2 protein chains.
Amino acid sequence: MDKNLKLKTAEIEKISHLEYFNIAISVDCVIFCYQDKKLQVLLIKSDLEEFSGLYSLLGDLVRPDEDLDSAPYRVLKQRTGMDDLYLEQVRTFGSIDRHVSGRVITTAYYSLIDIKHQKLSVDQNELHWHPVKEIKKLAFDHKIILDSCLQRLREQVMEFPVAFNLLPEKFSLRELQELYESILGINLDRRNFRKKIALKGWLEDLEEMENEVPHRPGKLYSLKQAYRKKKVSKKQKPVLENIFSK
Amino acid sequence: MDKNLKLKTAEIEKISHLEYFNIAISVDCVIFCYQDKKLQVLLIKSDLEEFSGLYSLLGDLVRPDEDLDSAPYRVLKQRTGMDDLYLEQVRTFGSIDRHVSGRVITTAYYSLIDIKHQKLSVDQNELHWHPVKEIKKLAFDHKIILDSCLQRLREQVMEFPVAFNLLPEKFSLRELQELYESILGINLDRRNFRKKIALKGWLEDLEEMENEVPHRPGKLYSLKQAYRKKKVSKKQKPVLENIFSK
DNA sequence: AATAAATATGTACTGAATACACATTGTTTT
DNA sequence: AAAACAATGTGTATTCAGTACATATTTATT
């Protein structure tokens with residue numbers, strides 16, 4: 001009896017140990033693009049019966065031999081063929097019951113791509129772009145993940161020159177403003193927007209004009225070279241500003 | 001030979017599968033307090049030989065039956081007896097080689113506690129407070145984790161009323177300013193600091209005075225009830241402010 | 001009573017955020 | 001070719017927050 005109990009305890013401990021290593025970790029990518037004047041997200045049809053008809057984010061388990069922050073690059077490369085994109089870690093989601101087929105903790109990243117620049121193999125993979133505003137429900141907790149990433153994106157574009165990853169190399173101020181309006185979900189005043197962008201000093205005047213637009217063409221700009229960084233970085237605030245004293 | 005190869009492949013796949021579930025996930029807590037006019041962090045002596053003499057953050061593996069965001073509460077309760085504290089998820093760290101004894105991905109949280117309010121069982125656990133400014137090196141990648149959490153804390157205190165979790169219920173404006181100076185690592189102008197705090201509208205004038213100070217006593221304040229929230233929350237920006245138009 | 005040390009407070013300046021209107025340029029239509 | 005249309009491009013006045021800065025007041029100490 002005593003022996004029995006001991007055996008049982010050992011058994012439980014063994015199971016328990018196994019279970020500790022029975023939590024898988026995945027990454028999920030919220031891939032934004034800007035198309036048809038709308039902020040859109042790349043989704044895949046869920047292959048799980050529980051979520052039939054629903055879409056989900058692109059994700060995969062993290063491999064034992066890759067850095068966590070490398071996993072989203074691999075996922076994107078594998079699933080879409082895309083490379084060299086802007087990626088940012090947002091948050092890790094780990095509710096017990098967030099995944100139907102076991103305990104999976106996931107780290108969410110958002111990514112920004114220029115749809116025209118990337119040759120994306122979408123159709124054969126059941127991958128589709130969906131306007132963010134029209135997405136009401138996703139598989140798993142992916143709607144919450146999407147919302148977190150969108151919120152982070154909104155915070156970032158106000159302060160850092162990241163939105164440009166969604167645009168082609170050359171763009172007009174109108175396009176830029178429409179992009180900001182799509183991301184933020186509000187309308188902006190043209191003069192104030194231009195003033196603020198000018199103040200940031202992010203742009204280079206290309207001394208070129210739009211063409212093939214059915215109206216008076218606008219000037220073309222591009223992001224200054226110094227501000228182009230696509231890698232995941234520990235965004236350092238340049239200096240501690242905005243303080244109560246000199 | 002063919003058969004052999006196949007066997008080998010199967011073997012590899014089995015190992016590979018096992019290895020997928022051989023990534024453990026942990027949480028690490030950066031626990032801040034404010035003591036002796038310094039921002040301090042709770043550390044424990046590393047029990048690993050590789051890091052003998054070094055300190056590390058408080059952490060533990062996430063259990064299979066607990067939410068990720070619950071794990072840091074458990075860790076803090078277990079290791080320090082503390083309860084009901086402010087916690088915020090910061091970032092997840094997952095380099096392949098970040099942990100010496102295996103593949104462990106860790107989610108970092110920071111926590112703010114009022115040292116006077118909490119009865120903390122420190123000594124018997126080899127736990128010690130260390131002034132943030134004096135910490136040069138920690139075990140694992142914990143120095144990087146600490147830096148990330150400090151940076152996040154600095155961002156947060158400028159915008160949200162979180163620093164008050166480090167102070168007792170009642171405090172003077174001098175104490176509050178000294179706290180901000182410790183967190184931000186800079187000196188602040190008294191008049192401008194008070195103006196800004198007043199503008200935030202966070203404080204309630206208690207119509208009481210300091211006592212037992214060896215100088216002219218200052219007024220006492222407390223954080224308004226409406227701003228007291230200690231749980232991990234998905235910090236929603238109240239409204240989208242600071243935009244280019246009305 | 002005098003001194004020391006900390007609290008408490010106000011003003012002027014600068015710069016960013018915002019509200020707001022008109023002239024210009026190129027395309028399209030008549 | 002002229003007129004109408006549609007989008008680009010630009011400036012000013014106001015408000016408000018951020019910052020620099022000095023003096024009077026209150027309490028404890030000597």
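What you are looking at is a predicted structure, and each value in this text was computed from that prediction instead of being measured. By convention in this document, chain letters (A, B, ...) are assigned in the order of the sequence lines, proteins followed by strands, and residues within each chain are numbered from 1.
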**Request:** Could you label the plane-to-plane angle of the B/H128 and B/H130 rings as parallel, tilted or perpendicular, counting under 30° as parallel and over 60° as perpendicular?
**Result:** perpendicular

**Request:** Considering only NZ, NE, NH1 and NH2 on the basic side and carboxylate oxygens on the acidic side, decide whether A/R91 and B/D69 come within less than 4.0 Å.
**Result:** yes

**Request:** Could you tell me the separation between the CE atom of B/M158 and the P atom of D/dA17, rounded to a whole number of Å?
**Result:** 15 Å

**Request:** Mind checking A/R174 for me? I need base, sugar-phosphate or nothing, with any heavy atom below 4.0 Å counting as a touch.
**Result:** sugar-phosphate

**Asked** Out of curiosity, B/L150 CG to B/L146 CG, how far, rounded to the nearest 0.5 Å?
**Response** 6.5 Å

**Asked** Between C/dT7, C/dC20, D/dT8, which nucleotide gets closest to the side-chain atoms of A/N192?
**Response** C/dC20

**Message:** What's B/R190 touching, base or sugar-phosphate or nothing? Going by heavy atoms closer than 4.0 Å.
**Reply:** base

**Request:** Could you state the atom-to-atom distance from CD1 of B/I186 to P of D/dG18 in whole Å?
**Result:** 13 Å

**Item:** Atom-to-atom span, CD1 of A/I197 to P of C/dA17 - whole angstrom
**Value:** 11 Å

**Item:** Atom pair distance, as rounded to whole Å: CZ in A/F193 and P in D/dT8
**Value:** 12 Å

Provide a list of protein-nucleic acid N or O atom pairs under 3.5 angstrom, restricted to nucleotides 26-28 of chain D.
residue	atom	partner	partner atom	Å
D/dT26	O4'	B/R216	NH1	3.3

**Item:** Atom NZ of B/K143: over 12 foreign heavy atoms under 6.0 Å
**Value:** yes

**Message:** If the condition is ring pair (Phe, Tyr, Trp, His ring centres under 6.0 Å), which residues does B/F164 pass it with, not counting sequence neighbours?
**Reply:** B/F171, B/W202

**Message:** What is the separation between atom CG on A/N211 and atom C1' on D/dT8, rounded to the nearest whole Å?
**Reply:** 16 Å

**Message:** Please tell me if B/R191 has a side-chain N or O lying less than 4.0 Å from either OP1 or OP2 of D/dC21.
**Reply:** no

**Item:** Short N-O contact, B/K116 and B/D114, less than 4.0 angstrom
**Value:** no

**Asked** Atom CG of A/L188 to atom P of C/dA19: distance rounded to whole Å?
**Response** 11 Å

**Request:** Measure the distance from CD on A/E210 to C1' on C/dT27 and round it to the nearest whole Å.
**Result:** 14 Å

**Request:** Measure from the side-chain heavy atoms of B/K219 and tell me the nearest of C/dA8, D/dA22, D/dG9.
**Result:** C/dA8

**Message:** Without decimals, in angstroms, what is the distance between A/L173 CG and D/dG9 P?
**Reply:** 7 Å

**Request:** Would you classify A/K195 as touching base, sugar-phosphate or nothing, given that sugar-phosphate means primed atoms plus P, OP1 and OP2, and contacts are heavy atoms under 4.0 Å?
**Result:** base

**Message:** Tell me which pairs pass side-chain hydrogen bond (donor to acceptor under 3.5 Å, both in side chains) where either residue lies in residues 32-43 of chain A, with sequence neighbours left out.
**Reply:** A/K37-A/E178

